[in-house]
Amino acid sequence: MISRRRVVRAGVAGGVCLFLPGGTAFAAPVTADGILDPETVEKYVTELAIPPVMPRDSWDGGTGPGTDGYTIGVRQFRQQVLPPGSPATAVWGYGSCRHPGTFSYPARTVEAEAGRAVRVTWVNRLLDARENYLPHLLPVDPTLHWANPPGGVPGRDSSPVFTSTPGPYTGPVPIVTHLHGGRNTEESDGYAEAWYLPDARDIPAGYARTGSFYAEFRRKSEELFGAKWGPGNAVFHYANQGRAATLWFHDHTLGLTRLNVYAGLTGFYLLRGGSADLGEGVLPGPAPRLGDRPGTRYYEIPVVIQDRSFHTDGSLFYPASRAFFDGFGGPYVPESDTAPIWNPEFFANAMVTNGRTWPVLSVEPRRYRFRFLNGCNARFLILKIVTDPLAPRPAAPVLPFWQIGSEGGFLPTPVQRGQLLTAPAERADVIVDFTSVPVGTELYLINEGPDTVFGGGAAGTDFPPANPKTTGQVMKFEVGPLTAPDGSAPVSQLVLPPCEPLGAASRTRRLSLNEAGSVRLPGVGPRAVLLGILDPAGQPVPLGWGDPVTENPALGATEVWEIHNLTMDGHPIHIHEVQFQVVDRQRDGEAAQPPEPWELGFKDTVIAYPGAVTRVKVRFDQAGRYMWHCHMLEHEDNEMMRPFRVGPS
């Protein structure tokens, strides 16, 4: 099979010779016509947008005492993602349906309290002014195993059969929102087959309006909580019984996650309070709150970093052909089994932070708390703070990150890190201390992760770092005068809440990560990326989304999941509705290595390195049907996702 890594690296280096089956070669441009050159985009002229708090419904909506109610919709609108003077960008975003001015990319932050439930009515409002449906902003590949509304009820959530290569799907767009990192029951998980279309006037006859599990989860939710679901919406109940942590929400529709998230469907959900949190004033603050006066200064800031590409008119660019990835221009249907539009990964050419390209943040000489989220589709980030954004890579950091938390809340103790390696969906809760930095200093957050797939190692030694002129820069810090005393505790004085270890495991499951090349056209691949199991002889058994459930832990069981990565890529593996603990990693013939110091807390996403076994310990304390998958979104959208069921099958 052609080495995908060789092809991608050639493109990153600027080479234009791509190889096709049969040994032929052709010349291809590194970027397609009409794509905005990121080097022409002015940097550090836009202030970092700090997401405000999502307003609750102004009336209780029947939520009852002890529950906060929200009605959060998804809409299309234009936002100034590129610097002022550039064209605005059409994006999708979440906002409060009762407060129309709150729609944004990324969304406003949902603030939740441990032990206090939140009920969200999620509404699909991808409609125009006449209440007709809006097509997708990006090219949808209808040949994947996907939601497939035009298949009707019999053909939804399937791989359609075509007799010739179809164009992109342009019909009504399904959505379903997943609270990533939550510990919720199945009907509120955001299951990939529980999607729903907007309640549009012009849904074509015969289209399925909901996914295969929507009706079942609707019945269960209405019986449990009494909140009625309606056309174009779903009502999810979040009990908020977990540890205080940085959670986030995003779309999770079968076969469309990569596109719906890329279009803008991302937001923070911060769970505070309870026994696993710290008291008021210990950590840097405040964070945004409802009713803040304009100009309020914040010292706790959520930061989502994503890569995006743009057309010269400001619209989002996402590849409309497999040829963008490796030059393979067909034949597709029916001659081959390779999807015509799906790209195995996509690495965009500009960095977007909190919905703005290369923003700047004015900071004071004091401590700040940043809740970093890698919201990229496929890109791993290696973040550093430096004085020169164009410094030769690897650059020397000038300020450390003190990591105090990961996906599942606080670590056992703060960890000093010169750089932050984060995979897609991972979070790093950090303190950066600017106290000793002179006023007037300019510092830069840079990225040394690769402009291609990540397999481990060090920038400059094991892989070329990101382009220092574009994807190698993230944002700027400008140090101004102190406006108020810093009352937060120095990192050396922090005592973090304890992390209780999980008990002994009753079972070890051996799972596999796999790639599949074309069966019909040797040398073309991958056509899909799959999860699976190992058989008793230790051989991989790749499985697709539609195959029968193989992971069926008992309710209350604690298991070790042993993940064997048989591919060339590192994969961020996410298990829904649990927080697990990393046990170790082991390469063939080598001793097992303990988790990194910043992995010693609870996590919901773990990097599984190529050629290695990654072990995590998981307690399954909620019955139901859930998912585990790779969080490289292009991978999960083409079979690298599997259902699992807790309790009776």
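Throughout, numbering of the chain's residues begins at 1 and tracks the sequence.
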Open item on the list: Less than 3.5 Å apart, any donor N or O on the side chain of Glu551 or Trp561 sitting next to an acceptor on the other?
Closed with: no
Open item on the list: Measuring from atom CG of Leu137 to atom CG of Leu126, what distance do you get when rounded to the nearest 0.5 angstrom?
Closed with: 8.5 Å
- [ ] State whether the side chain of Asp251 and the backbone N or O of Val176 hold a donor-acceptor pair below 3.5 Å, judged by distance alone.
- [x] yes
- [ ] For Asn638, enumerate each residue passing the side-chain hydrogen bond (donor to acceptor under 3.5 Å, both in side chains) test, keeping only those at least two apart in sequence or located in another chain.
- [x] none
Open item on the list: Once you measure the plane-to-plane angle for Tyr169 and Trp146, does it fall in the parallel (<30°), tilted (30-60°) or perpendicular (>60°) bin?
Closed with: perpendicular
Open item on the list: Under a 4.0 Å threshold between the charged nitrogen and the carboxylate oxygen, would Asp277 count as salt-bridged to Arg272?
Closed with: no
Task: Polar contact flag, side-chain donor to acceptor under 3.5 angstrom, His136-Asn260 - done: yes
Open item on the list: Test your reading of the model: is there a side-chain donor-acceptor pair from Gln622 to the backbone of Asn184, 3.5 Å cut-off?
Closed with: yes
Task: Donor-acceptor under 3.5 Å (Thr296 side chain, Arg293 main chain) - done: yes
TODO: Give a yes or no on whether the backbone of Gly314 and the side-chain of Thr89 come within a donor-acceptor separation of less than 3.5 Å.
DONE: yes
Task: No-hydrogen, no-angle side-chain donor-acceptor test under 3.5 Å, Glu426 and His631 - done: no
Task: Main-chain N/O of Ile50 paired with Asn354 side-chain donor or acceptor, under 3.5 Å - done: no
Task: Spacing of Arg75 atom CZ and Cys97 atom SG [to the nearest 0.5 Å] - done: 5.5 Å
Task: Exercise: do Arg119 and Tyr70 side chains pair donor with acceptor under 3.5 Å - done: no
Open item on the list: Looking only at the side chains, is there a donor atom on one of Glu113 and Asn240 sitting less than 3.5 Å from an acceptor on the other?
Closed with: no
- [ ] Assert yes or no for the condition that the ring centre distance of Phe103 to Tyr94 is strictly below 6.0 Å.
- [x] no
Task: Residues Lys220 and Glu187 bridged, charged N to O under 4.0 Å - done: yes
Open item on the list: Between Thr550 and Arg642, do the side chains contain a donor N or O and an acceptor N or O under 3.5 Å apart?
Closed with: yes
- [ ] Considering only NZ, NE, NH1 and NH2 on the basic side and carboxylate oxygens on the acidic side, decide whether Arg183 and Glu407 come within less than 4.0 Å.
- [x] no
Open item on the list: Salt bridge or not between Asp604 and Arg427? Use side-chain N to carboxylate O under 4.0 Å.
Closed with: yes
Open item on the list: Would Phe602 and Phe580 count as a ring-ring contact (aromatic ring centres under 6.0 Å, His included) here? Give the steps.
Closed with: CA-CA 5 Å; Phe602 284 92; Phe580 53 73; 9.2 Å; no
Open item on the list: Quick check for you: to the nearest 0.5 Å, what is the distance between Leu254 atom CG and Arg156 atom CZ?
Closed with: 12.0 Å
Task: Student check: side-chain heavy atoms of Val140 and Leu256 closer than 4.5 Å - done: yes
Open item on the list: Does this structure show an ion pair linking Arg619 with Glu559, if we count only N-O contacts that are shorter than 4.0 Å?
Closed with: no
Open item on the list: Between Pro51 and Ser104, is there a side-chain heavy-atom distance shorter than 4.5 Å?
Closed with: no
Open item on the list: Donor-acceptor pair, distance only, cut-off 3.5 Å: does the side chain of Thr102 make one with the backbone of His99?
Closed with: yes
Open item on the list: Does either side chain, that of Trp248 or that of Thr266, offer a donor lying less than 3.5 Å from an acceptor on the other one?
Closed with: no
Open item on the list: I want to check something: taking the side chain as every heavy atom from C-beta on, are Leu513 and Ile563 in contact at a cut-off of under 4.5 Å?
Closed with: yes
Open item on the list: Quick check for you: to the nearest 0.5 Å, what is the distance between Gln581 atom CD and Thr558 atom OG1?
Closed with: 9.5 Å
- [ ] Test ring-ring contact (aromatic ring centres under 6.0 Å, His included) on Phe249 and Tyr269 and set out the steps.
- [x] CA-CA 7 Å; Phe249 53 93; Tyr269 185 110; 7.1 Å; no
TODO: With rounding to the nearest 0.5 Å, note down the distance linking NE2 in His576 to CD in Glu186.
DONE: 13.5 Å
Open item on the list: Under a 3.5 Å distance rule, please check whether Arg645 uses its side chain to pair with a backbone N or O of Pro648 as donor and acceptor.
Closed with: yes
TODO: Carefully, step by step, assess Asn343 and Glu634 under the rule side-chain hydrogen bond (donor to acceptor under 3.5 Å, both in side chains).
DONE: CA-CA 7 Å; Asn343 278 231; Glu634 285 77 16; over 6 Å; no
Task: Polar side chain donor-acceptor pair, Trp545 to Glu639, under 3.5 angstrom - done: no
- [ ] Measure the CG-SG distance between Leu530 and Cys630 for me, rounded to the nearest 0.5 Å.
- [x] 11.5 Å
Open item on the list: Using ring centroids (six-membered ring only for Trp), state whether Phe644 and Phe620 fall under 6.0 Å.
Closed with: yes
Task: Check: His571 side chain, Ile573 main-chain N or O, donor-acceptor pair, under 3.5 Å - done: no
Open item on the list: Within the 3.5 Å criterion, strictly below it, is a donor on Arg371 or Thr246 matched to an acceptor on the partner's side chain?
Closed with: yes
Open item on the list: Tell me whether Asp307 contacts the main-chain N or O of Cys376 through its side chain, where contact means a donor paired with an acceptor under 3.5 Å.
Closed with: no
Open item on the list: Is the positively charged end of Arg308 above the ring of Tyr262, judged by distance under 6.0 angstrom from the centroid and angle within 45° of the axis?
Closed with: yes
Task: Side-chain H-bond candidate by donor/acceptor type, Thr121 with Asn233, under 3.5 Å - done: no
Open item on the list: For the residue pair Trp195 / Asn124, report whether a side-chain donor-acceptor contact shorter than 3.5 Å exists.
Closed with: no
Open item on the list: Counting C-beta onward and ignoring hydrogens, is there a side-chain heavy-atom pair between Val120 and Val235 closer than 4.5 Å?
Closed with: no
- [ ] Using a strict 4.0 Å threshold on nitrogen-to-oxygen distance, state whether Arg369 and Asp429 make a salt bridge.
- [x] yes
TODO: Decide, yes or no, whether a salt bridge links Lys603 with Glu599 under the criterion of side-chain N to carboxylate O below 4.0 Å.
DONE: no
Open item on the list: Measuring only between side-chain heavy atoms, which start at C-beta, is Val110 closer than 4.5 Å to Leu270?
Closed with: no
Open item on the list: Quick check: Trp122 with Tyr214 (ring centres under 6.0 Å apart)?
Closed with: no
